[in-house]
Amino acid sequence: MRVAPVDRRLFGAFVEHLGRCVYDGLYEPGHPSADADGFRSDVVELVRELGVSTIRYPGGNFVSGYRWEDGVGPRELRPRRLDLAWHSLETNEVGLHEFASWTELVGAELMLAVNLGTEGIRSALSLLEYANHPAGTTLADSRRANGAEQPFGIRMWCLGNEMDGPWQLGHMTADQYGSLAARTASAMRMFDPGLELVVCGSSHASMPTFGEWERIVLEHCYPHVDHISLHAYYQERNHDLGSFLASAVQLESFIEAVAATVKHVKHRLREDRTIGLSFDEWNVWYLDEFEASGRVTDGWPRAPRLLEDVYTVADAVVVGSLLIALLKHSDHVRAASLAQLVNVIAPIMTEPGGPAWRQTTFLPFATTSRLAGGNVLLPAVTSPSYETALYGDVAAIDAVATHDTETGDTAVFLVNREQQPCTLTIDLRDLGAARLLEASTLADDDPYAQNTLQQQTRVSLRPNGSASLSGGTLTLTLPPISWSACLVVTPERASP
Ligand code: AHR
């Protein structure tokens, strides 16, 4: 069954001024690979390889205390501020201009968040005019004087961040936020009706206000916005690997619940447009460990080591399966951002003055972004199941395919959540499949194996030697706890 065209925006990421994501991460002026602007070229290369489409910036919780004006103008005059969200020092060495250049360098689209926690409509409008107005006003001309003659042309804007969370600076009730977001959105649209605006949904599906928050906020905002956000982080708890590997079950029901609320409000308000879902924070995050550490650092350090989770094979299999779930729901999910990109719960790690390397989670993301194209197809999967503590009976195998009618390429993405191998066949006859070009698998005898500073390539994607294509039928064996991707092509593409 065809779901929707593959939207490149599903392969977005998130960069927050948090820990070492920006400072001592993508930006490290003294590093041997740094360019004239202080950006590490080794990180740029890895971000390109990851295949990231959009980058949400600058937060996250950080944005709710951020004054965007601090980050523009001569660097030596920029203020140093306390970042209350992460108990850190913000030096403002990197701001809008630097980050816009960096997104251009990595070939991604910038998705900008405005502060609706401690700022409001006026600050959002000033930022919009500063960033997007060509010339002839004080704000636009100050951007030009600061080195950007051309407007940044930012299309996608987030109306605050996680405003339902008590931890958020300036957090609000659904009514308060819905009203502020609606007024901010309609004011921003007076500047440019073509902007794409994302309103905040719940911080996660277990928030006590989840469901009602979406309904109330959308009743205020529906006509003024294009997307509602979803955030979700997963972790293995209580040594329950089986439930953790099935995290996509929760992600799917979360998407379906928000999509149902969108539909409900759409019909109640007699609206024609269906707004989309922006899953603009998702990942594996060992949040319990972070909470147990007391959340804050000692003092107010610049670029402290925060949220530097080191990912395992199992974590990467979960990330791969979450990508499968996002693709399966791409009729609703129009944008998504892996949170985050560098050092902070990230696919890319760096050492100051040292190397940059791929975490295990880098591998399924980069491969899916590279191979998915055309339309998303939902295969009919027959799979054994296994019992989980959190989600009951869960299918061991999950899969999604994409097919590009122009090139004829078909990509299949598969996860085996069970602790035993599974051999399966996939009928691709209707898609003109003639040659297997690629079959690779992420698996390891040790599901907790990691890539670390000392062993940067301990875990990698390996060719799956069991895969074969015969008469349009693909056969392969999926090892226990594994994620795999295959690319099959038509006779035309196969011929030299
Ligand atoms: O990604 C880390 C944090 O998680 C973000 O700042 C916040 O939006 C979410 O709670």
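Just so you know, ligand 1 is whichever comes first in the structure, and atom 1 is the first atom listed for that ligand. The residues of the chain are indexed from 1 along the displayed sequence.
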Checklist line | Ligand-residue contact atoms, ligand 1 with Gly60, heavy atoms, under 4.0 Å | finding: 5 (C), 6 (O), 8 (O)
Item checked: Aromatic centroids of Phe279 and Phe254 separated by under 6.0 Å -> yes
Next item on the list: For Glu16, take its heavy atoms, then give the atoms of ligand 1 lying under 4.0 Å from any of them.
Entry: 5 (C), 6 (O)
Next item on the list: Looking only at non-hydrogen atoms, find the nearest pair between Met172 and Leu180 and report the distance.
Entry: CE-CD2, 3.5 Å
Notebook entry, point to check: Are Tyr57 and His17 an aromatic pair by the rule of ring centers under 6.0 Å?
Noted result: yes
Margin query: Tell me whether Trp86 has any N or O atom under 3.5 angstrom from an N or O of ligand 1.
Written below: no
Margin query: Looking only at distances, can you tell me whether any N or O atom of Tyr233, backbone or side chain, sits closer than 3.5 Å to an N or O atom of ligand 1?
Written below: yes
Check: Is ligand 1 under 4.0 Å from a heavy atom in the side chain of Asn161, in the backbone, in both, or in neither?
Finding: side chain
Check: Do Trp285 and ligand 1 have an N or O pair less than 3.5 Å apart?
Finding: no
Item checked: Proximity of Phe62 to ligand 1 by residue part, where a heavy atom lies under 4.0 Å -> neither
Item checked: Proximal atoms of ligand 1 relative to Phe14 (non-hydrogen, under 4.0 Å) -> 1 (O)
Check: Is there a side chain to side chain contact (heavy atoms under 4.5 Å, CB included) between Gln456 and Asn451 once you walk through the steps?
Finding: CA-CA 5 Å; Gln456 292 164 23; Asn451 288 341; 5.5 Å; no
Notebook entry, point to check: Hey, which atoms in ligand 1 end up nearer than 4.0 Å to a heavy atom of Glu162?
Noted result: 7 (C), 8 (O), 9 (C), 10 (O)
Next item on the list: For the pair Trp300 and His87, name the ring-plane relationship: parallel under 30°, tilted 30 to 60°, perpendicular over 60°.
Entry: parallel
Check: Would Tyr130 and Phe152 count as a close aromatic pair, with their ring centres under 6.0 Å?
Finding: no
Note to self: Check this for me - ligand 1, Gln340, N or O atoms closer than 3.5 angstrom, yes or no?
What the structure shows: yes
Notebook entry, point to check: Which atom pair, heavy atoms only, marks the closest approach of Gly51 to Ser369?
Noted result: O-OG, 2.6 Å
